[in-house]
Structures are given as structure tokens and as C-alpha cells.
Amino acid sequence: MPNILALTSSVAGDASVSSLLVDYAVRQLVEFHSGGAVTRRDLGQDPIPHLTPETVAGVRAVANTAPELTARRLSDKLIGEVFAADVIVIGAPMYNFSIPTGLRAWFDHVIRPRITFAYGEAGVQGLVTGKRAIVIQSRGGLYTEGPLASLDFQEPYLRLLLGFIGISDVAFVQAERISLGPDAREAAINQAKSTIAVVAAQPLSDDV
């Protein structure tokens, strides 16, 4: 029975394609792997505070002041959810060719020196190991190929951030061209669901 951390980051509410697909992925994981404990965070509707000059030391240095200690406690909680998870499902709509600021704020609290990564003689070492991530990306246009492919700063960035903390087993699922009308949107959702079903069915380390 895997522990699942489900993150959504869209600010579109019920109209969000990425959030819809995260819910679908969670249902598929629970079905394929005999249940599962699910922790959910909606970073779009209940955003993580952005780091400020008053709080940044709580994550990047030594926490002393009340705002820094508050940031440290939040960082500890978010990191604890990551370490407790076997699978992390991330809904990441493309905003301005990259990720929503709410998702970036989550990473800012989770990527923490000596806790989720460390510097050693061989360079950076990610400390979050043994996890699988499923990243669901919704996009208004087509970015996996064609003339807009060079503008995709979303997938490379997410792959880098996850790899930096040690998560290299990452499946990316795209729902593209969703802004080109209802038929294109429905086709993108159905195609993404088919891909998610295949990814979710893959064995996990704790499967019998």
C-alpha cells in the first residue's frame, strides 16, 4: 500500500485540467496498488507563502526570529510529507512557459541544504531517494514538438528540481493543445488518462 503525495498547483479551480488529471492518477494508483494513504496539497487554492527577507533564513540558514521559525516549521512539514511518500503526483499547468508560482514556492521550502540535498566531494547529492514522481503537465499549445518546443521551460525545470533532491524516477504526462477548443481539450484529457493508467499500473517497490 503506497503513500501518495498529490500536489495540485492550478489557480483555475474546477476548470483545471491538471487538477482533474491528478485526481485521476491518484484513483488509478489506489486501484492498482491495493489502496494507499493519500496526502493532498492544493498549492493553487491554498498557496505556500513565498520566501521573503523576513523568512528566507528559516529555510536557507539558521532560524532565529518568529517569522523564520514559522517558515522552518512549514518547511519541516512539507519535507516530512515528501519523505513519507512513495509516489508524488504533481499537477503542473504551464504558466508563461514555466510553472505556477505556487508550485515554485513549494519547491523553495522543500529544497533545503543538508535535509533534501547536500554538497559533497562529488558535487550535489540528492537526499530524497526511493521515490517515484508522476508529473502531469497541462498546456494550451503543443510544446513536445514543433516550433514551440524551444519555449518549454516547464519540463526541463521540473526534471532538474526533482533530480536535484534525488528523485530521478519521473514520468511526465502531457495534456496539450487544450486551448484549441472543446474537442481538442477532451482529446488531450483522454490521451493523458490513457498514459496515466499505464504509468500508474507499473509495480512499486512495496508491491507484493
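What you see is a predicted model, and the numbers here were worked out from it, not measured in a lab.
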Could you tell me which non-hydrogen atom of Ala85 sits nearest to which non-hydrogen atom of Leu5, and how far apart they are? CB-CB, 3.8 Å
Which atom names give the shortest non-hydrogen contact between Phe83 and Leu127, and what distance separates them? CE2-O, 3.5 Å
Please round to the nearest 0.5 Å and tell me the distance separating atom CZ of Phe153 and atom CG of Asn96. 11.5 Å
When rounded to the nearest 0.5 angstrom, what is the spacing between OG1 in Thr129 and CD1 in Ile167? 9.5 Å
Same hydrophobic cluster for Val170 and Ile165, using side-chain heavy-atom links shorter than 4.5 Å among ILVMFWY? yes
Within the side chain of Asn3, is there an N or O that forms a donor-acceptor pair under 3.5 Å with the backbone of Ala84? yes
Side chain to side chain donor-acceptor pair (under 3.5 Å) filter on Arg27, not counting sequence neighbours, yields none
Of all heavy-atom pairs linking Thr116 and Arg112, the shortest is OG1-N, 2.8 Å
Less than 4.5 Å apart, side chain to side chain, heavy atoms only: is that true for Val82 and Val128? yes
Side-chain donor/acceptor of Glu68 to backbone N/O of Thr65, under 3.5 Å: yes
When you compare the side chain of Leu103 with that of Leu158, does any pair of heavy atoms fall below 4.5 Å? yes
Set out, in order, the CA-CA distance, both residues' side-chain angles and the distance that settles side chain to side chain contact (heavy atoms under 4.5 Å, CB included) for Tyr143 and Met94, then state yes or no. CA-CA 10 Å; Tyr143 292 87; Met94 178 181 277; 3.7 Å; yes
Heavy atoms of Val199 and Ala171 approach each other most closely as CG1-CB, 3.8 Å
So which heavy atom on Leu148 is nearest to which on Leu142, and how close? CB-O, 3.3 Å
For residues 187-197, which residue pairs pass the side-chain hydrogen bond (donor to acceptor under 3.5 Å, both in side chains) check, not counting sequence neighbours? none
Straight-line distance of Gln202 CD to Asp169 CG, nearest 0.5 Å: 7.5 Å
Quick one: pull up CG in Leu78 and CD1 in Ile48 and give me the separation to the nearest 0.5 Å. 4.5 Å
Name all residues meeting the side chain to side chain donor-acceptor pair (under 3.5 Å) criterion together with Gln28; count only those two or more places apart in sequence or in a different chain, and write none if there are none. none
Quick check: closest heavy atoms across Phe32 and Ala197, and the distance to 0.1 Å? CE1-O, 3.6 Å
Do Ile134 and Leu29 come close enough that some side-chain heavy atom pair is under 4.5 Å? yes
Intermediate values then yes/no, side chain to side chain contact (heavy atoms under 4.5 Å, CB included), Ile4 and Thr39: CA-CA 6 Å; Ile4 302 165; Thr39 298; over 6 Å; no
Take a 6.0 Å sphere around CZ of Arg177 and say whether it holds more than 12 heavy atoms from other residues, nucleotides or ligands. no
Verify, without hydrogens or angle tests, whether His109 (side chain) and Ile79 (backbone) share a donor-acceptor contact under 3.5 angstrom. no
Quick one: do Ile196 and Phe172 end up in the same hydrophobic cluster if we chain Ile, Leu, Val, Met, Phe, Trp and Tyr together by side-chain heavy atoms under 4.5 Å apart? no
Taking the side chain as every heavy atom from C-beta outward, state whether Leu7 and Val22 have any atom pair closer than 4.5 Å. no
Could you note down all residue pairs passing side-chain hydrogen bond (donor to acceptor under 3.5 Å, both in side chains) where residues 47-63 supplies at least one of them, sequence neighbours left out? Thr52-Glu54, Thr52-Thr55
Quick check against the 3.5 Å criterion: does Glu176 have a side-chain atom that pairs as donor or acceptor with the backbone of Ala188? no
Sorted by chain and residue number, the side chain to side chain donor-acceptor pair (under 3.5 Å) partners of Arg185 (sequence neighbours excluded) come out as none
Output the distance between atom OH (Tyr95) and atom OG (Ser138), rounded to the nearest 0.5 Å. 7.0 Å
Just checking Phe117 against Tyr119, ring centres under 6.0 Å apart? yes
Is there side-chain contact between Pro47 and Trp106, with heavy atoms separated by less than 4.5 Å? no
Around atom CD of Glu186, are there more than 12 heavy atoms of other residues, nucleotides or ligands at under 6.0 Å? no
Assess, by modelled atom type and distance only, whether the side chains of Ser75 and Arg72 contain a donor and an acceptor separated by less than 3.5 Å. no
According to a hydrophobic-cluster definition based on side-chain heavy atoms being under 4.5 Å apart (Ile, Leu, Val, Met, Phe, Trp, Tyr only), do Ile189 and Val89 belong together? yes
Could you tell me if the side chain of Pro2 sits less than 4.5 Å from the side chain of Val30, heavy atoms only? no
If hydrophobic clusters are built by linking Ile, Leu, Val, Met, Phe, Trp and Tyr wherever their side-chain heavy atoms come under 4.5 Å apart, do Val11 and Phe97 end up in the same one? no
Check against salt bridge (Lys or Arg N to Asp or Glu O under 4.0 Å), Arg40 and Asp46: CA-CA 11 Å; Arg40 296 180 182 268; Asp46 187 18; over 6 Å; no
Test log, rule side chain to side chain contact (heavy atoms under 4.5 Å, CB included), inputs Arg139 and Asp152: CA-CA 10 Å; Arg139 297 151 165 204; Asp152 177 11; 2.9 Å; yes
Pairwise side-chain contact, Ile90 with Ile136, heavy-atom cut-off 4.5 Å (strictly under): no
Arg104 and Tyr157: side chain donor to acceptor below 3.5 Å: yes
Flag, side chain of Ser9 to backbone of Pro100, donor-acceptor distance under 3.5 Å: no
Rounded to the nearest 0.5 Å, the NZ atom of Lys131 sits from the CG atom of Leu204 at a distance of 12.0 Å
Got a sec, which residues hit side chain to side chain donor-acceptor pair (under 3.5 Å) with Gln174, two or more places apart in sequence or on another chain? Glu155
Determine whether Ile88 and Val135 fall in the same hydrophobic cluster, where Ile, Leu, Val, Met, Phe, Trp and Tyr are linked whenever their side-chain heavy atoms lie under 4.5 Å apart. yes
